[in-house]
Amino acid sequence: MTKIAVQIDDLTVAYNYKPVLWDIDLEIPEGVLMAIVGPNGAGKSTLIKSILGILKPIAGSVSIYNKPYEKQRQLVAYVPQKGSVDWDFPTTALDVVMMGTYGSLGWIKRPGQKQKKAALEALEKVGMLPFKNRQISQLSGGQQQRIFLARALVQNASIYFMDEPFQGVDATTEIAIINILKELRKAGKTVIVVHHDLQTVPEYFDWVTFLNVKKIATGPVKDIFNDDNLTKTYGINYKVSIQE
Amino acid sequence: MSSAQIEIQIIASLVAIACAIPGTFLVLRKMAMISDAISHSILPGIVVGFFITQDLNSPLLILLAALTGIITVVLVEYIQKTGLVKEDTAIGLVFPILFSIGVIMIAKNANDVHLDVDAVLLGELAFAPFDRLIVSGIDMGPKSLWIIGSILIITIGLLFAFFKELKISTFDAGLAASLGFSPSVIHYGLMSVSSITTVGAFDAVGAILVVALMIAPAATAYLLTNNLKRMLIYSISFGVFSAISGYWLAHGLDASIAGSITTMLGVLFLAVYLFAPSKGVIAVMYREKQQRTEVSLLTFLLHLKNHTEESERHVNHLNEHINWQKVRSKTVLDLALKNNMIQLDKNIVSLTEKGDHFTSQAIDYIITNEDGKIEHMKDDFFLFRG
């Protein structure tokens, strides 16, 4: 029996009393590469943010390996949407990646050589080492996404949450990113990705959750990624050719 | 220089430093207007504090007034959270009301209170050396020097302790939250420092100009660097420079010190805005012009590469073929010659080996969009600098 990495019980999240997520029960087994799919406004990002304690739910609970998130921060890495930060911020690629190490340092303590070395290794892994001193606004969209990925890698977590990592990146970067995600899975990590492109779900992921304010379905892609669930989620008669 | 003059310059410089530090983060957090709100709405706090303590330099008064600053921030956020008005509207609602309460309180008690609206708006830096701290009969220097000095030491201590936390929560609040650095703790910490600094600086430069000291140096520094630490250092330097040069400007013109300091801040910003090496208006215009020329150069080189027939490569035909005006053709031709990319033989233009190589590389880059390939070309060409 595989362990449960993330367990969500009866989670309800609301913005100004309007529920965005309604009574979500979800178990994410360890070691899956999972896509969360659903239409705009389905609460995909909200789900991730609630798991990570960035948003406070009005009901329900989340546990990471059977403990509340606050006790398990070290096990979790988060890649927010690229558009959520100001890329004109005066800092370099290396410095952004170093931010991934701040969690293990705790308050007040400064990053040192060890953290720098880890950041450089992560940059190397995503092929961004030549750009380490580049100001972040001088990077292309795909490169910025790689920097975010490197920042998550440097946390050396067990569970990775990514909010639309493929948004606005070119095909080369998309392949580079998915290869790294697959490597993470191979290393026994759990990777959870908010994803938009339904066509690539069977190719990239082995697990999928359909979400539209309520949970529609969750399970292995080969079992549940079908027209029935897509139609339930997107509300229109959806047809996707699933590659075997 | 008299000792009073030196003291005024020291106080002004310390105020500038104390303002520049929180100001840098306010600018990066796009919260410049909140400092305006704080600086005005601390007025009722100061008046109430003055009724209680009867001393403008009392630490209790500073804390009371700073509390009004925090209340302003809380009120603004509360109004904004209802979703009925936007943030800037919320700011515009809260601070004038609090400020006018303060104005009424001063007016009603004008006879008892040694505080008038002019001083509140513009400060009384020139009088700072007269109010001295006397400890068991010994003159320890102006009181405001001690106040702003203490605030500055606390600010610098906090900056060093929480630099990493300030940076991460400013850049990416979501990540900060997920890593356990509560963005709201840092936010209110920064707001508290800004409020206390504002109160401390208030007496010296007044409600309106303290905003300038927070925002202008940081905005100027932002144009000059891509490094947060350097941005802090630059903004502190600009603040101090404006404080001292502003003092002498006021001395020369026999005008308000606070007004002159702010004028210097404005002049400094304007100069940097125009002349900053990479983000300045002139640099941007120059770069755009260069890029235009370089695109033309590349188009021209490509044309040469694609056409072997001499008729296509005659100097006089280039104008017609690439459809440029004469001046532009000449600029491009000169640039190519200067870089040894073409050679002229009886007015027939052909690519040199270097030009041929460059063209292939540039085309390769444009097609593949892979940055690594043109890294070494960035020094020579704006076009590839992104």
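Just so we're on the same page: letters track the sequence lines, and every chain starts at 1.
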Interchain contact, B:Thr225 with chain A, by part (heavy-atom threshold 4.5 Å) | backbone
Using non-hydrogen atoms only, which part of A:Tyr15 is less than 4.5 Å away from chain B: side chain, backbone, both, or neither?
-> neither
Near B:Phe241 CZ, under 6.0 Å, is it more than 12 heavy atoms from other residues, nucleotides or ligands?
-> no
Look up atom CG in A:Asp86 and atom CG in B:Asp172, then write down how far apart they are to the nearest 0.5 Å.
-> 11.0 Å
Pairwise distance CG(B:Asn226) to OG(A:Ser137) - rounded to 0.5 angstrom = 6.0 Å
More than 12 non-hydrogen atoms from neighbouring residues, nucleotides or ligands closer than 6.0 Å to CZ on B:Arg230, yes or no?
-> no
Looking at A:Trp87, A:Tyr69, A:Tyr78, A:Tyr102, which one has more heavy-atom pairs under 4.5 Å with chain B than the rest?
-> A:Tyr102
More than 12 foreign heavy atoms under 6.0 Å from CG of A:Asn66: is that the case here?
-> no
Heavy-atom distance under 4.5 Å between the side chains of B:Lys167 and A:Asp95, does that happen here?
-> yes
Go through the atoms of A:Ile136 and report whether side chain, backbone, both or neither lie under 4.5 Å from a heavy atom of chain B.
-> side chain
Starting at CZ of B:Phe171, measure out to OG1 of A:Thr91 and round the result to the nearest 0.5 Å.
-> 7.0 Å
Which value, rounded to the nearest 0.5 Å, describes the distance between A:Met99 atom CE and B:Leu175 atom CG?
-> 8.0 Å
Inspect the surroundings of NZ in A:Lys132 and state if more than 12 heavy atoms from other residues, nucleotides or ligands are less than 6.0 Å away.
-> no
Non-hydrogen atoms of chain A under 4.5 Å away: do they reach the side chain of B:Leu158, the backbone, both or neither?
-> neither
With a cut-off of 6.0 Å (strictly less than), are more than 12 heavy atoms of other residues, nucleotides or ligands near OH of B:Tyr273?
-> no
Fit a plane to each ring of A:Trp107 and B:Phe181, take the angle between them on a 0 to 90° scale, and name the class: parallel (under 30°), tilted (30 to 60°) or perpendicular (over 60°).
-> perpendicular
Of the backbone (N, CA, C, O) and the side chain (C-beta and beyond), which part of A:Asp88 lies under 4.5 Å from a heavy atom of chain B, both, or neither?
-> both
Could you look at A:Gln155 and say if it's the side chain, the backbone, both or neither that has a heavy atom under 4.5 Å from chain B?
-> side chain
Give, for atom OG of B:Ser278 and atom CD of A:Gln135, the distance between the pair rounded to the nearest 0.5 Å.
-> 9.0 Å
Side chain to side chain contact (heavy atoms under 4.5 Å, CB included) between B:Lys164 and A:Leu105: does it pass, once the steps are laid out?
-> CA-CA 10 Å; B:Lys164 162 176 122 257; A:Leu105 289 166; 4.2 Å; yes
Is it the backbone or the side chain of B:Thr82 that comes under 4.5 Å from a heavy atom of chain A, or both, or neither?
-> neither
Atom pair CD1/CE of B:Ile168 and A:Met98 - distance to nearest 0.5 Å | 11.5 Å
Residue part contacting chain B, namely of A:Val76, when any heavy atom lies under 4.5 Å = neither
Any donor-acceptor pair under 3.5 Å from B:Tyr222 side chain to A:Pro90 backbone | no
Should we say atom OH of B:Tyr188 is surrounded by more than 12 heavy atoms from elsewhere, each under 6.0 Å from it?
-> yes
Sort A:Phe161 into side chain, backbone, both or neither according to what part of it lies under 4.5 angstrom from a heavy atom of chain B.
-> neither
Stepwise side chain to side chain contact (heavy atoms under 4.5 Å, CB included) test for A:Phe89 and B:Leu228 | CA-CA 8 Å; A:Phe89 191 83; B:Leu228 179 57; 4.1 Å; yes
